[in-house]
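Following: one structure in structure tokens, then a few remarks.
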Amino acid sequence: MTKPQPLRDTKILLGVTGGIAVYKSAELCRMLQRAGAQVRVVMSEAACRFVTPLTFETLTGHPVGIHMFGDTGGTGGTGGVISHIELAKFADILVVAPATADYMARCAQGRANDLLAAVTLAHEGPIIFAPAMNTGMWRNFATERNVSDLVENHGWHMVPPGEGHLACGDQGPGRLAELGDILDAVCAVRRPKLMGKKVVITAGPTAEDIDPVRSITNRSSGIMGCELARMALYHAALEVTVILGPCPAEPPWGSRVIPIRSAREMQVAVNAEAETADVVIMAAAVSDWRPATISPEKLKRADGTISLPLVPNPDILGELGARMAGRDRPILVGFALETDNLLDSAQDKLKRKQVHIMVGNMARDALESATTEAVILEDNGAVWESGRVTKTELADAIIDRISRRFAQS
Ligand code: CTP
């Protein structure tokens, strides 16, 4: 039986920068080839100190690019001079593994001071990078800033380093990601799961004003919704709209943001956007009540207890679910944030709100945290438990469930 080749007809330029993980790049090259890709390789001079270009020339059957100009001499193999423009044009996808701190710093600045940096600057397709370095270098402020710049402003796709024993003897994050994860990231870019889809996501809390200076709100950080937006863009959604309550989380570059404060403002925006959406994900923590009246003046201090009459807010998702009942577009996804009885409550909300997918998580695990533990329930009875994952990983899993539904229809 022939193996599936998810990267058939894909041209990949594998960039290799200098670190001990270079020896793994040779295996990555083979894995990309086995997945059907045509691979060419560019190495930095430092990478050539760890593994000779001959290894990659033998694997790919092509010369390895190293130098910008012909006067630098050979480093084994052909001498390594290939035009950076030719290489950039060749590649559908640029994969850099391992990516060193220095390479990322230069790219964040837009420098082109060696062949790989020049190719990177000239390349117009997706770039996937898998950093690998010593833990201290990885945690350094400058590295963190460069990585987030490349991801958030340059649109690069990162496969983050794993944790464990490093070759230098340290323990911590910094080792090259599993090669299978890098391959998955390449496949995700090649076969994006939400290609051409219009995705609407609510994120963060709502705020219900009491008077001009006070409001009722909640502790939602907005991270989950923003990670979903990032993943939707990663999977090539045509348009990602984030309807965002007041919170510090920043939606990814490339998303369209509609800022709102109250639940009723959110409802107006959701209903308008849902008309043309393929997917609506309600990750926001919506306030269930609002003050019956908003005082136009600041309420004055008074002795004794005061009471504040509250009236219920509309159930935005519940009403949308009822209106869209029986339709398979847009796919509706809700979040059930619970303090007890997670499974039962999430099941109940899946049915009551008439949504396709309900993601349940516990408030103690999810609020103001970068990680969470969730259960994904579908109206077809499917149940998936995440275990402890980052919100990025959970977002990816949710997008995966959504994309399966598109694939089935
Ligand atoms: N939701 C909504 N409108 C509201 C309240 C919640 O659209 N007024 C959405 C949330 O964005 C979430 C889902 O409904 O996707 C479940 O929210 P949750 O607060 O867990 O449920 P509630 O319906 O508010 O029920 P309860 O507070 O009783 O658990």
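When reading the values below, keep in mind they use all heavy atoms of this one structure, side chains included, and skip hydrogens, waters and symmetry mates. We count residues from 1, following the sequence as given. When a ligand or atom number is given, it counts from 1 through the structure's own listing order.
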**Request:** Count the heavy atoms of every other residue, nucleotide or ligand shown that sit under 6.0 Å from CZ of R264, and state whether that count exceeds 12.
**Result:** no
**Request:** Can you confirm whether something in the protein, heavy atoms only, sits under 4.0 Å from atom 19 (O) of ligand 1?
**Result:** no
**Request:** Please determine which of R405, H356, K351 meets the side chain to side chain donor-acceptor pair (under 3.5 Å) test together with D379.
**Result:** R405
**Request:** Indicate yes or no: does an N/O atom of L317 lie under 3.5 Å from an N/O atom of ligand 1?
**Result:** yes
**Asked** Any side-chain donor paired with an acceptor under 3.5 Å for Q33 and R30?
**Response** yes
**Request:** Could you check which of K349, R290, R264, Q267 puts a non-hydrogen atom nearest to atom 21 (O) of ligand 1?
**Result:** K349
**Request:** Mark yes when over 12 heavy atoms from residues, nucleotides or ligands other than R8 sit less than 6.0 Å from its CZ; otherwise mark no.
**Result:** no
**Asked** Taking distance alone, with no angle check, do G318 and ligand 1 share an N/O pair under 3.5 Å?
**Response** no
**Message:** So if I count the atoms of ligand 1 from 1 in the order they appear, which ones are less than 4.0 Å from some heavy atom of P314?
**Reply:** 3 (N), 4 (C), 8 (N)
**Prompt:** Can you list the ligand 1 atoms lying under 4.0 Å from a non-hydrogen atom of A336?
**Reply:** 20 (O)
**Prompt:** Under 3.5 Å, N or O to N or O, is V333 touching ligand 1 that way?
**Reply:** no
**Atoms of ligand 1, numbered as shown, that sit under 4.0 Å from any heavy atom of L337** = 20 (O)
**Message:** Show the nearest heavy-atom pair for residues D114 and A117, with the distance to one decimal.
**Reply:** OD1-N, 2.8 Å
**Prompt:** N/O of A284 under 3.5 Å from N/O of ligand 1, yes or no?
**Reply:** yes
**Item:** Closest protein heavy atom (residue, atom, distance) for atom 27 (O) of ligand 1
**Value:** D288 OD2, 3.0 Å
**Item:** Crowding at CD, E385 (>12 non-hydrogen neighbours, <6.0 Å)
**Value:** no
**Sequence neighbours excluded, every pair satisfying ring pair (Phe, Tyr, Trp, His ring centres under 6.0 Å) that has a member inside residues 99-144** = F129-W156
**Message:** Out of all atoms in ligand 1, which are within 4.0 Å of some heavy atom of G334? Include the element for each.
**Reply:** 15 (O)
**Message:** Between I402 and I281, is there a side-chain heavy-atom distance shorter than 4.5 Å?
**Reply:** yes
**Prompt:** Are K198 and E273 close enough, and set up right, to give a salt bridge (Lys or Arg N to Asp or Glu O under 4.0 Å), and what steps lead you there?
**Reply:** CA-CA 9 Å; K198 191 179 162 193; E273 296 299 319; 3.6 Å; yes
**Message:** I'd like to check whether I316 has a polar contact with ligand 1, where a contact means an N/O of the residue lying under 3.5 Å from an N/O of the ligand.
**Reply:** yes
**Asked** K353 to ligand 1: N or O pair under 3.5 Å?
**Response** yes
**Request:** Check whether any side-chain heavy atom of R106 lies under 4.5 Å from a side-chain heavy atom of T120, and answer yes or no.
**Result:** no
**Message:** For ligand 1, which is the ligand I care about here, please tell me if M282 has any N or O atom under 3.5 Å from one of the ligand's N or O atoms.
**Reply:** yes
**Message:** How far is atom 13 (C) of ligand 1 from the closest protein heavy atom, and which atom is that?
**Reply:** F335 O, 3.1 Å
**Fill in**
Logged contact type for A263 with ligand 1, heavy-atom cut-off 4.0 Å, is neither
